[in-house]
Amino acid sequence: MDSICILGLGYIGLPTASLLATKGFSVHGVDVNERVVKALNAGKILLHEPALDVMVKSAVGSGRLKADTAPIEADIFILSVPTPFVNGKKPDLSYVEAATRSVAPYLRHGNLLILESTSPVGTTERICQWLAEMRPDLVLPGVTDGCPQLHVAHCPERVLPGRILRELVENDRVVGGVDAASTAKAIEFYGSFVQGEVLATTARTAELVKLMENAYRDVNIAFANEISLICQELQINVWDAIRLANHHPRVNILTPGPGVGGHCIAVDPWFIVDSAPATARLIRTAREVNDHKPHSVIAQVRAKAARFTAPTVACLGLAFKPDIDDLRESPALFITRELQAQGGMEILAVEPNIRELPGELGELPNLRHVPLKTALEEADILVFLVAHRQFQNIDHDLLLGKVIIDACGMVQN
Ligand code: SAJ
């Protein structure tokens, strides 16, 4: 098993492809985006992840990582494509289906096909059904009996953006095949490069485990966010209250924020809700609590702004979490844009991790991207939205006389 074809060269697929190439596998990366393919073949990347540029350069330089817009034959196929939701919070499996159909002609008995994308329960079995339609000549576990066969397994990615390369190797992995032979084959593969434990289960359990992990996090953040609103109503300092409660040996309340961003935690719990709509009541409510949080912050800013005639409001942080430059699905960005759209104030956007505001954001009226220093000089209202390290230890004298709204615990800690 030494050649790999990996579909989807995004935040998970690209680091995985380059890591596997540096571990000695011969890797063929596939993406529908020609820009991504062209950049990769030139040893370059179009996304930001610490140390990834260096690893990609070395992987491409070694000749073991190549990219194309179409798959080729290989020993192992990895699907690492997006699984977003569509209207009505229903999972959109069209990318998984398209990737499956695109590799189908290249599959041979003995190959291992792995789904790494976070997916609703039953998706790995669906893959077998799609393949059975396209390739009746193949023995597919769960669909047809026989030997030799194709091996099909799910191994959900679990890495944290910002720490992807380390976590790809160090994290424990959960591996579930559609049958025992598929599980064994996938365990052998992950065991060859993962330092963490590689844990065997079924495909359906592995699918739910991944969704549970992100739903667990979402529910706990929702608790913190709800507490922050209760504290606001009761005029209690939430940061003090949480710090004190966390002194209990069995309490560990997470950090409230402006909402939950990113492409995982705000999406994946809906896959559980979609599978068990009547039962997943807590998980659904947590999603609603977290989705509501940006609106509460906007209302808080507007209430404070009402005291001024044309206030200057500094939004500190635009990224979806601290110390990254990723603005996608960011509650901080949503709040900033909404405040700009509602009008009546001059917005100063401070995001030290980007050089300029992307696309149409840069052209919006009454919105300027400024350094922290300018915001501290000019703003009437400071809204701390993301706990970037650049916002820590701001001289308290510079905050005097300003209205402060702290959605992420920067000032009040
Ligand atoms: N957040 C809070 N309060 C907290 C912690 C986080 O408001 O106490 C917010 C963050 O600001 C951010 C969002 O939640 O907006 C999500 O951030 P995160 O750092 O918790 O997680 P992600 O989305 O970057 O990555 C998660 C991880 N899952 C878990 O920690 C269970 C990661 O391991 C997964 O691989 C990833 O989702 C994924 O791809 O599914």
Side-chain angles (χ1 to χ4, degrees), residues 8 10-16 47-50 80-85 91 115-120 154-168 170-174 196 206-229 238-239 242-243 246 252-272 283 286-287 289-294 296-297 316-335 353 384-388 391 406-410 413:
Y11 274 88
I12 305 300
L14 182 55
T16 306
L47 46 84
H48 179 79
E49 175 64 28
S80 194
V81 294
T83 43
F85 57 55
L115 173 67
E116 280 216 3
S117 315
T118 304
S119 300
H154 181 48
C155 178
E157 61 83 11
R158 297 172 123 178
V159 290
L160 196 72
R163 295 216 301 249
I164 293 180
L165 291 181
R166 211 174 80 201
E167 293 204 359
L168 269 179
E170 290 179 2
N171 286 3
D172 297 345
R173 299 297 291 256
V174 176
E207 285 159 349
L208 185 63
V209 165
K210 167 65 199 227
L211 301 177
M212 278 161 55
E213 290 165 5
N214 280 354
Y216 168 85
R217 189 97 168 136
D218 199 43
V219 167
N220 282 281
I221 298 170
F223 181 83
N225 279 338
E226 186 164 295
I227 289 289
S228 75
L229 298 179
V238 64
W239 313 105
I242 289 179
R243 181 178 54 79
N246 282 348
N252 183 18
I253 301 171
L254 295 183
T255 315
V260 170
H263 342 286
C264 313
I265 294 188
V267 174
D268 304 348
W270 288 119
F271 294 179
I272 300 182
I283 294 171
R287 267 296 59 249
V289 168
N290 285 334
D291 275 353
H292 175 70
K293 189 68 201 288
S296 310
V297 177
L316 304 180
L318 298 176
F320 88 81
K321 64 178 182 177
D323 302 327
I324 60 166
D325 66 346
D326 193 345
L327 306 189
R328 294 171 306 158
E329 317 298 331
S330 165
L333 182 63
F334 173 79
I335 291 165
N353 297 301
F384 285 87
L385 292 172
V386 189
H388 287 317
F391 303 155
D406 186 8
C408 58
M410 290 308 293
N413 265 334

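Whatever order the structure lists ligands and atoms in, that order sets their numbers, starting from 1.
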Once you round to the nearest 0.5 Å, how far does [atom1] of [X] lie from [atom2] of [Y]?
{"X": "D218", "Y": "C264", "atom1": "CG", "atom2": "SG", "value": "11.5 Å"}
{"X": "I283", "Y": "N214", "atom1": "CD1", "atom2": "CG", "value": "11.5 Å"}
{"X": "R163", "Y": "E170", "atom1": "CZ", "atom2": "CD", "value": "9.0 Å"}

Checklist entry - Counting only heavy atoms not in F223, do more than 12 fall under 6.0 Å of its CZ? => result no

Ligand 1: protein N/O within less than 3.5 Å of ligand N/O:
residue  : atom   : partner : partner atom : Å
ligand 1 : 3 (N)  : T255    : O            : 2.7
ligand 1 : 8 (O)  : T255    : N            : 3.0
ligand 1 : 8 (O)  : T255    : O            : 3.4
ligand 1 : 11 (O) : F320    : O            : 3.3
ligand 1 : 15 (O) : G261    : N            : 2.8
ligand 1 : 15 (O) : F320    : O            : 2.6
ligand 1 : 19 (O) : K321    : NZ           : 2.9
ligand 1 : 20 (O) : R217    : NE           : 3.1
ligand 1 : 20 (O) : R217    : NH2          : 3.3
ligand 1 : 24 (O) : K321    : NZ           : 2.7
ligand 1 : 28 (N) : N214    : OD1          : 2.9
ligand 1 : 33 (O) : R158    : O            : 2.8
ligand 1 : 35 (O) : E157    : OE1          : 3.3
ligand 1 : 35 (O) : R158    : O            : 3.2
ligand 1 : 35 (O) : V159    : N            : 3.1
ligand 1 : 35 (O) : V159    : O            : 2.8
ligand 1 : 39 (O) : E157    : OE1          : 3.4
ligand 1 : 39 (O) : E157    : OE2          : 2.6
ligand 1 : 40 (O) : K210    : NZ           : 2.6
ligand 1 : 40 (O) : N214    : ND2          : 2.7

Item to check | Minimum side-chain heavy-atom gap E157-I164 below 4.5 Å | outcome: no

Next on the checklist: Run the side-chain contact (heavy atoms from CB on, under 4.5 Å) test on H263 and D326 for me, step by step, so that the C-alpha distance in whole Å, both residues' side-chain angles and the decisive distance to 0.1 Å come before the verdict.
Outcome noted: CA-CA 11 Å; H263 342 286; D326 193 345; 3.4 Å; yes

